[in-house]
Participant: 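Encoded as structure tokens, here's the structure I'll be asking about.
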Amino acid sequence: MAKIVALAAYFYQAAVAFGLLIAVAHLLAPADYAAYSLFISISQFAAILCFEWVRFACSRFYPGQGPGSEALERKALTVEFAACSAICLIAASVSIFFSVSAEIAMLGGLVAIFQGGSDLHLTMLRFRQEFRVFSRLQGSRATILAIGTLAGAAIAPTFTWTVAGLMAGYLAYSLLAVFLTRNSLHEAASFEKARVRKHFVYGSVAASASVIGMLTPLGLKAILTAMLGAGGAAGALLALDLLQRPFILIVSALQAIQYPDVVTTYDRDGRTPAFAKQLGEYYSLLTGLTLMTAAGIFALLQPVGQLVIAVGLRKEFLAVAPFVIGLATCRALTANMMPTPAHLQHRLLTIFLLAALDCMLLNAGTLIGGYLGSFGDAALMAGGMIGALCAMTIGIKVMMSLAFDFVWPPVVLSAIGLALPVLATAGFGYSLWISVAVGVVGGALFCLLGLYSYFVTMFRPQSRS
């Protein structure tokens, strides 16, 4: 039940974020939306760069196992967060000397601090098994931030006011979080330098791949903005912001349910036939549902583009959207599924190198595609998709380093479910209703058959055992 509640909070957060992007894209001019999109990416990157190692340390060591360890761990995490917040503000101040306005620099630093702090706080609640408070705060954060952002954009549809509204939302959420957890997390403890050192060694290595993972879309956005201009890149940036989110949501939800059992089995039993079967089922589930996600997005791409996307961004959005879907599909598997053997075997260098190659190949492919295609938006994104595909082929070699028994039938059915809306769209040349009807009906049929195949081959035998 606790897992279901937590997953519901993740889905709600993703739905609110999706709607927020649509609303902001309608309220802001293309140039302001491009600035907003880059600001969000940069602040997220800053939050990961400064605070992700603390969150990884929390997920590994908090609340601890010995008596009194929770208070000691929390004290160390609090000191680490405070030190990183100071560093973040110093970095924001330094950016003023590089032609960044003082108000934007400070807003960026504060948004990164509040995001990192709220993520750390929610992680602590989750590992304390306080799922009721966690779910309430997770959903409240998404709602309050959306209200604050939209309020700022409604007051004045400019980049600065929109970001100021976001900051006001973080302040309001922080007050709510303090109120709801006022009776917990207050035990006093002494500060231990050795504990901070242990946190830093583990957390910095684990977080490095996340930092590189954030550099990948940030570099892609920077290339698009530099090549197309802020206004010309707005449609492509909106496609990136919108179409990658469902993949992140699906993969995160599946990992929350399935991955801990994989880790437990490997640590307890090692490389056994039973583990190979379990690992293959995990890979199959991630692959199949990622393909189903791509099929659903592609089948509904045209009506979403015509009915939801702002007129000024629609043409560019639809031009790059198919390549963004392909790019997001490859990256979802490369970043989350394929490093699994390296994570299980603690091969930290492999994790780091795979993330770095993904970043370099995707952005290099974007530049090459732009060069070959006269730097059009579709050519740039097509090159990025090819780069992501190259990175995925390297990831497959990493994945093969640990034996597994892959479950093929549902994945094949899911692949057919994706191929049908792709071919329908290409075959009818965006003839809206014919293409949508063929894609939705055909894709839905084979995706449902894929889900039934999962039930027959995986879930029903598990329920019997």
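Just so it is clear, the model here is predicted, and its values are computed rather than measured.
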Participant: Which distance, rounded to the nearest 0.5 Å, do you find between the CZ of F375 and the CD1 of I223?
Facilitator: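 Between atom CZ of F375 and atom CD1 of I223 there are 10.0 Å.
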
Participant: So, the side chain of T78 versus the backbone of R74: is there a donor-acceptor pair under 3.5 Å, distance only?
Facilitator: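 The answer is yes, because a donor-acceptor pair under 3.5 Å joins these two groups.
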
Participant: Decide side chain to side chain contact (heavy atoms under 4.5 Å, CB included) for I22 and I309; before the verdict, give the C-alpha distance in whole Å, the side-chain angles of both, and the deciding distance to 0.1 Å.
Facilitator: CA-CA 7 Å; I22 295 292; I309 304 302; 4.0 Å; yes

Participant: Please report the interatomic distance CD1(I42) to CD1(I104), rounded to the nearest 0.5 Å.
Facilitator: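 One finds 10.5 Å between CD1 of I42 and CD1 of I104.
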
Participant: Indicate yes or no: does K221 engage D241 in a salt bridge with an N to O separation below 4.0 Å.
Facilitator: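 So K221 pairs with D241 through a salt bridge.
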
Participant: In the structure I gave you, are the side-chain heavy atoms of V320 and L224 within less than 4.5 Å of one another anywhere?
Facilitator: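 Contact flag for V320/L224 side chains = no.
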
Participant: Any non-hydrogen side-chain atom of L420 less than 4.5 Å from a side-chain atom of L445?
Facilitator: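 In short, these two side chains do not touch, never coming nearer than 4.5 Å.
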
Participant: Could you state the interatomic distance from OG1 (T350) to CE (M338), rounded to the nearest 0.5 Å?
Facilitator: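 One gets 15.0 Å once the value is rounded to the nearest 0.5 Å.
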
Participant: Under a 3.5 Å distance rule, please check whether T329 uses its side chain to pair with a backbone N or O of I325 as donor and acceptor.
Facilitator: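 Yes, the answer is positive, given that a donor and an acceptor are paired below the 3.5 Å cut-off.
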
Participant: At their closest point, which heavy atom of F317 faces which heavy atom of L301, and how far apart are they?
Facilitator: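 Residues F317 and L301, closest heavy atoms: CE2-CD1, 3.9 Å.
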
Participant: Which heavy atom in P339 sits nearest to a heavy atom in T334, and how many Å separate them?
Facilitator: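 P339 and T334 have their closest heavy atoms at CD-O, 3.2 Å.
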
Participant: How about T290 and M337: do any of their side-chain heavy atoms sit closer than 4.5 Å?
Facilitator: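 A side-chain contact under 4.5 Å is absent here.
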
Participant: Which heavy-atom pair separates D405 from P273 by the least distance, and what is that distance?
Facilitator: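 For D405 versus P273, the nearest heavy atoms are OD2-O, 4.3 Å.
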
Participant: I need the minimum non-hydrogen distance between A46 and A112, along with the two atoms involved.
Facilitator: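 That closest heavy-atom pairing would be CB-CB, 3.9 Å.
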
Participant: For C58, enumerate each residue passing the side-chain contact (heavy atoms from CB on, under 4.5 Å) test, keeping only those at least two apart in sequence or located in another chain.
Facilitator: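 With sequence neighbours excluded, C58 shows a side-chain contact (heavy atoms from CB on, under 4.5 Å) to Y62, L77, L120, T123, M124, given in chain and number order.
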
Participant: Side-chain contact test, heavy atoms from C-beta onward, threshold under 4.5 Å: evaluate it for E80 versus V196 and give yes or no.
Facilitator: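 Contact flag for E80/V196 side chains = yes.
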
Participant: Of all heavy-atom pairs between A321 and L243, which one has the smallest distance, and what is that distance?
Facilitator: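 Distance-wise, the nearest heavy atoms are CB-CD1, 3.7 Å.
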
Participant: Please report the C-alpha distance between D32 and T162 in whole Å, then the side-chain angles of each, then the deciding distance to 0.1 Å, and finally whether the side chain to side chain contact (heavy atoms under 4.5 Å, CB included) criterion is met.
Facilitator: CA-CA 9 Å; D32 281 312; T162 304; over 6 Å; no

Participant: Hey, are the side chains of E316 and L228 touching, using non-hydrogen atoms and a 4.5 Å cut-off?
Facilitator: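 When only atoms from C-beta onward are counted, L228 and E316 do not touch, as no gap falls below 4.5 Å.
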
Participant: Given 3.5 Å as the limit, does a donor-acceptor pair link the side chain of T149 with the main chain of A146, or not?
Facilitator: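 No: the side chain of T149 does not pair with the backbone of A146.
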
Participant: Using atom types as modelled and distance alone, determine if a side-chain donor or acceptor of Q138 lies under 3.5 Å from a backbone N or O of F134.
Facilitator: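 Pair absent, no side-chain N/O of Q138 close to backbone of F134.
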
Participant: Going through the distances and angles, do V251 and L289 end up as a side chain to side chain contact (heavy atoms under 4.5 Å, CB included)?
Facilitator: CA-CA 8 Å; V251 171; L289 290 186; over 6 Å; no

Participant: Do the non-hydrogen side-chain atoms of Q244 and L327 ever get within less than 4.5 Å of each other?
Facilitator: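 Yes; the side chains approach each other to less than 4.5 Å.
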
Participant: Do I48 and R55 come close enough that some side-chain heavy atom pair is under 4.5 Å?
Facilitator: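 I48 does not reach R55 side chain to side chain.
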
Participant: If only atom types and distance count, is the side chain of T225 paired as donor or acceptor with the main-chain N or O of A222 below 3.5 Å?
Facilitator: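 Looks like no, no N/O pair under 3.5 Å.
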
Participant: Within this structure, what is the CG-CE distance for the pair L357 and M360, rounded to the nearest 0.5 Å?
Facilitator: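 Nearest 0.5 Å value for the CG-CE distance: 4.5 Å.
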
Participant: So, the side chain of T216 versus the backbone of I212: is there a donor-acceptor pair under 3.5 Å, distance only?
Facilitator: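 Yes.
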
Participant: Does H26 use its side chain to pair, donor to acceptor, with the backbone of V308 at less than 3.5 Å?
Facilitator: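 Pair found, side chain donor or acceptor close to backbone of V308.
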
Participant: Report the relative orientation of the aromatic rings in F404 and F406; use parallel for angles under 30°, tilted for 30 to 60°, perpendicular for over 60°.
Facilitator: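 Plane angle over 60°, so perpendicular.
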
Participant: Give the minimum heavy-atom separation between P410 and G450, together with the two atoms involved.
Facilitator: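 Smallest heavy-atom distance, with atoms named: CB-O, 3.5 Å.
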
Participant: Please identify each residue that fulfils side-chain contact (heavy atoms from CB on, under 4.5 Å) with L413, with sequence neighbours left out.
Facilitator: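 In terms of side-chain contact (heavy atoms from CB on, under 4.5 Å), with neighbours along the sequence ignored, L413 is linked to F446, L449, S453.
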
Participant: Should the pair W53 and F200 be assigned to parallel (<30°), tilted (30 to 60°) or perpendicular (>60°) ring geometry?
Facilitator: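 Aromatic pair W53/F200 classed perpendicular.
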
Participant: Find the distance between CG (L38) and OG (S43) and round it off to the nearest 0.5 Å.
Facilitator: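 Result: 10.5 Å between the selected atoms.
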
Participant: Hey, what's the ring geometry for F39 with F159, parallel, tilted or perpendicular (30° and 60° as the breaks)?
Facilitator: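 If you compare the ring of F39 with that of F159, the planes turn out perpendicular.
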
Participant: Drop me the distance from I250's CD1 to L286's CG, to the nearest 0.5 angstrom.
Facilitator: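 Reported value, rounded in 0.5 Å steps: 10.5 Å.
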
Participant: So, Y33 side chain and L21 main chain: donor-acceptor pair closer than 3.5 Å or not?
Facilitator: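 Not a single qualifying donor-acceptor pair exists.
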
Participant: Go through it in stages, so that I can follow the logic: the residues are L333 and M399, the test is side chain to side chain contact (heavy atoms under 4.5 Å, CB included), and I'd like the CA-CA distance, side-chain angles, deciding distance and then a yes or no.
Facilitator: CA-CA 10 Å; L333 299 176; M399 191 176 74; over 6 Å; no

Participant: Please answer whether the main-chain N or O of A92 pairs with a side-chain N or O of S95 as donor and acceptor at a distance below 3.5 Å.
Facilitator: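 A pair under 3.5 Å: yes.
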
Participant: Is there a side-chain contact between Y266 and L279, using heavy atoms and a 4.5 Å cut-off?
Facilitator: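 No, their side chains stay 4.5 Å or more apart.
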
Participant: Looking only at the side chains, is there a donor atom on one of S135 and Y12 sitting less than 3.5 Å from an acceptor on the other?
Facilitator: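 Result is no, nothing qualifies.
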
